[in-house]
There are 2 protein chains.
Amino acid sequence: MELSPTARVILGFLAVGPKSGYDIKQRVDKSTRFFWAASYGQIYPELKRLVAIGLVEPAGEATGGRRRITYRITPAGDEALEAWLEGPEQLHELRDEGLLKLFFAGLAGEETVASVLERKLDAHTEAIERLREIEPKAAAAGRFGPLHVLRYGLALNEFSAEWCERTLVEVKREK
Amino acid sequence: MELSPTARVILGFLAVGPKSGYDIKQRVDKSTRFFWAASYGQIYPELKRLVAIGLVEPAGEATGGRRRITYRITPAGDEALEAWLEGPEQLHELRDEGLLKLFFAGLAGEETVASVLERKLDAHTEAIERLREIEPKAAAAGRFGPLHVLRYGLALNEFSAEWCERTLVEVKREK
DNA sequence: CTGCACATGTAAACGGTTACATGATTGA
DNA sequence: TCAATCATGTAACCGTTTACATGTGCAG
């Protein structure tokens, strides 16, 4: 029983505790979105599919107030999640338009190369700031996975930012 | 005139010199595929679209032998390419299933965490090997962009591999 | 009482991969 | 002569984003 891409995040978050589709989306946006995004257009239909195949079950509607449907992972869901975690496949895809531009920027002159690098540097700097804001919360929560993944993201962006700076210096020296 | 994602690679490679769709695919697979992939299913239709809007033109069919359609970038195509290179947008997307697994792997115990890290390490090690094989060729070609992008890829994968190793040690120490 | 955040959902469009179809040429 | 590679192309499918539709409850 192969899990769809979106099912992987959903089951993961439901394994931590029952949540609504809305909840899941909020969590994704504050954590996994940097390496695994999901939109409402995927989450809501996927939740229904997961219920249909018995990996997830409704855990009661709104306790008073607002409409709200909470879901809980089933034992079958736990099994499927574990099977996925232990499976060998680990897709890795990168789409980096800055790198693509850099690849061709030589055709347009050194100024273009420099501005491409500067914008890539900006993007990494911003990412670092956003991740630093989140870090204290992740550290306080004390869960191993989220914290280490966050620190990896931080370190990776710092590495990339420094690489952009070094390469910028090199480009300007050659000019 | 916004360039479609695939049009960006196509125009870039055609700016270096005339090529067929098949050529472009080969080049992509040997270079940009690590951060910007493209399949025949996109390249051939996109070439036709680019001809239709005048950014690219046919540069003659097969000189004897095999069937083969070569394309050349037009002045309008050069302009569009430069406009794209100088534009501010630089999409950056990452899909890293290893990180997603790591995010949740704590739920399944430390052995799962370790095996997820080991497989991520393997993936980066393999990437390093593949990139090292290509490097001498890129260095010999002497074009700034491709060489620096390749070295960035190499450095990034080395960084990630080392991070996996360090984190593995940490995980095993805690056990 | 108004605007914002909560909350769920669907439809259309887009971008991409994969599989399939076709056929020519080259080298073993 | 047979397999591999060259070479172009299309159709089906999948996953994803975006825009839209609808309505609730709370705070100012």
Side-chain angles (χ1 to χ4, degrees), chain A residues 2-11 13-14 18-30 32-52 56 58-71 89 91-97 100, chain B residues 2-11 13-14 18-30 32-52 56 58-71 89 91-97 100:
Chain A
E2 180 87 347
L3 294 179
S4 78
T6 305
R8 321 216 240 262
V9 224
I10 293 179
L11 281 189
F13 276 112
L14 291 186
K19 275 165 202 68
S20 68
Y22 191 84
D23 277 345
I24 292 169
K25 170 67 170 156
Q26 304 312 102
R27 312 265 175 145
V28 165
D29 283 348
K30 278 174 188 151
T32 68
R33 117 183 106 106
F34 298 102
F35 52 92
W36 205 272
S39 63
Y40 289 123
Q42 295 165 259
I43 292 171
Y44 287 119
E46 187 62 31
L47 274 168
K48 291 190 172 177
R49 242 171 280 141
L50 289 171
V51 170
V56 150
E61 302 225 355
T63 52
R66 227 164 224 143
R67 182 187 181 200
R68 158 175 265 266
I69 309 165
T70 307
Y71 297 90
E89 332 74 40
L91 173 145
H92 188 277
E93 269 176 31
L94 176 66
R95 277 240 146 181
D96 187 330
E97 195 173 359
L100 187 67
Chain B
E2 181 87 344
L3 294 178
S4 79
T6 304
R8 322 215 241 260
V9 223
I10 292 179
L11 281 189
F13 275 113
L14 291 186
K19 277 166 200 66
S20 68
Y22 191 83
D23 278 345
I24 293 169
K25 170 69 170 155
Q26 304 312 102
R27 311 265 176 145
V28 165
D29 282 349
K30 278 174 189 151
T32 68
R33 117 184 106 106
F34 298 102
F35 52 92
W36 204 272
S39 63
Y40 290 123
Q42 295 164 261
I43 292 170
Y44 287 119
E46 187 62 31
L47 274 168
K48 291 189 172 176
R49 242 171 280 140
L50 288 170
V51 170
V56 149
E61 302 226 354
T63 52
R66 229 162 223 145
R67 182 188 179 201
R68 158 175 265 267
I69 309 165
T70 307
Y71 296 90
E89 333 74 40
L91 173 145
H92 188 276
E93 269 176 31
L94 177 66
R95 276 241 146 181
D96 188 330
E97 195 172 0
L100 187 67

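All chains are named by letter (A, B, ...) in the order of the sequence lines, taking the proteins before the strands, and each is independently numbered beginning at 1.
Take A:Lys19 and apply the salt bridge (charged side-chain N to carboxylate O under 4.0 Å, His left out) test, not counting sequence neighbours, and it matches no residue. Here B:Arg49 pairs with B:Glu46 under the side chain to side chain donor-acceptor pair (under 3.5 Å) rule; sequence neighbours left out.
Here the P atom of nucleotide C:dC14 and the CD atom of B:Glu2 are 13 Å apart, to the nearest Å. Atom CG in A:Asp29 sits roughly 14 Å away from atom C1' in D:dT16 (whole-Å rounding). Between B:Ile69 atom CD1 and C:dG23 atom C1' there is a gap of 14 Å when expressed in whole angstrom units. Rounded to an integer number of Å, the gap from A:Gln42 CD to C:dA13 P is 19 Å. For the pair A:Arg49 CZ and C:dT10 P, the interatomic distance rounds to 11 Å; values are reported in whole Å. Here the C1' atom of nucleotide C:dT17 and the OH atom of B:Tyr40 are 14 Å apart, to the nearest Å. D:dG15 atom P lies 16 Å from atom CD of B:Glu93, rounded to whole Å. Counting to the nearest Å, the P atom of C:dG9 and the NZ atom of A:Lys25 are 16 Å from each other.
Taking side-chain N and O atoms only, B:Arg68 has a distance below 4.0 Å to OP1 or OP2 of D:dA7. Within the 4.0 Å cut-off from OP1 or OP2 of C:dT8, at least one side-chain nitrogen or oxygen of A:Ser20 is found. Phosphate proximity of D:dT16 to A:Ser39: absent, as no side-chain N or O sits under 4.0 Å from OP1 or OP2. In this model, the phosphate group of C:dG16 is approached by a side-chain N or O of A:Arg95 to a distance below 4.0 Å at OP1 or OP2. In this structure, A:Tyr22 reaches the C:dC6 phosphate: one of its side-chain N or O atoms is under 4.0 Å from OP1 or OP2. Between C:dT8 and A:Tyr44, a contact under 4.0 Å exists linking OP1 or OP2 to a side-chain N or O.
Within 4.0 Å of A:Gly41, counting heavy atoms only, lies at least one base atom of the nucleic acid.
Checking D:dG9, D:dT17, D:dT16 against every side-chain atom of A:Thr6, the shortest atom distance belongs to D:dT16. If you check D:dT17, C:dT8, C:dT10 against the side chain of A:Pro45, the one that comes closest is C:dT10.
Side-chain N or O atoms of A:Lys25 include none that pairs as donor or acceptor with a backbone N or O of A:Ile43 at under 3.5 Å. Proximity of a side-chain donor or acceptor of A:Arg8 to a complementary backbone N or O of A:Trp36 within less than 3.5 Å is not detected. No donor-acceptor pair closer than 3.5 Å links the side chain of B:Gln26 to the backbone N or O of B:Asp23.
In terms of position along DNA chain D, the nucleotide closest to B:Tyr71 lies nearer the 5' end than the nucleotide closest to the other residue of the pair B:Tyr71 and A:Pro5.
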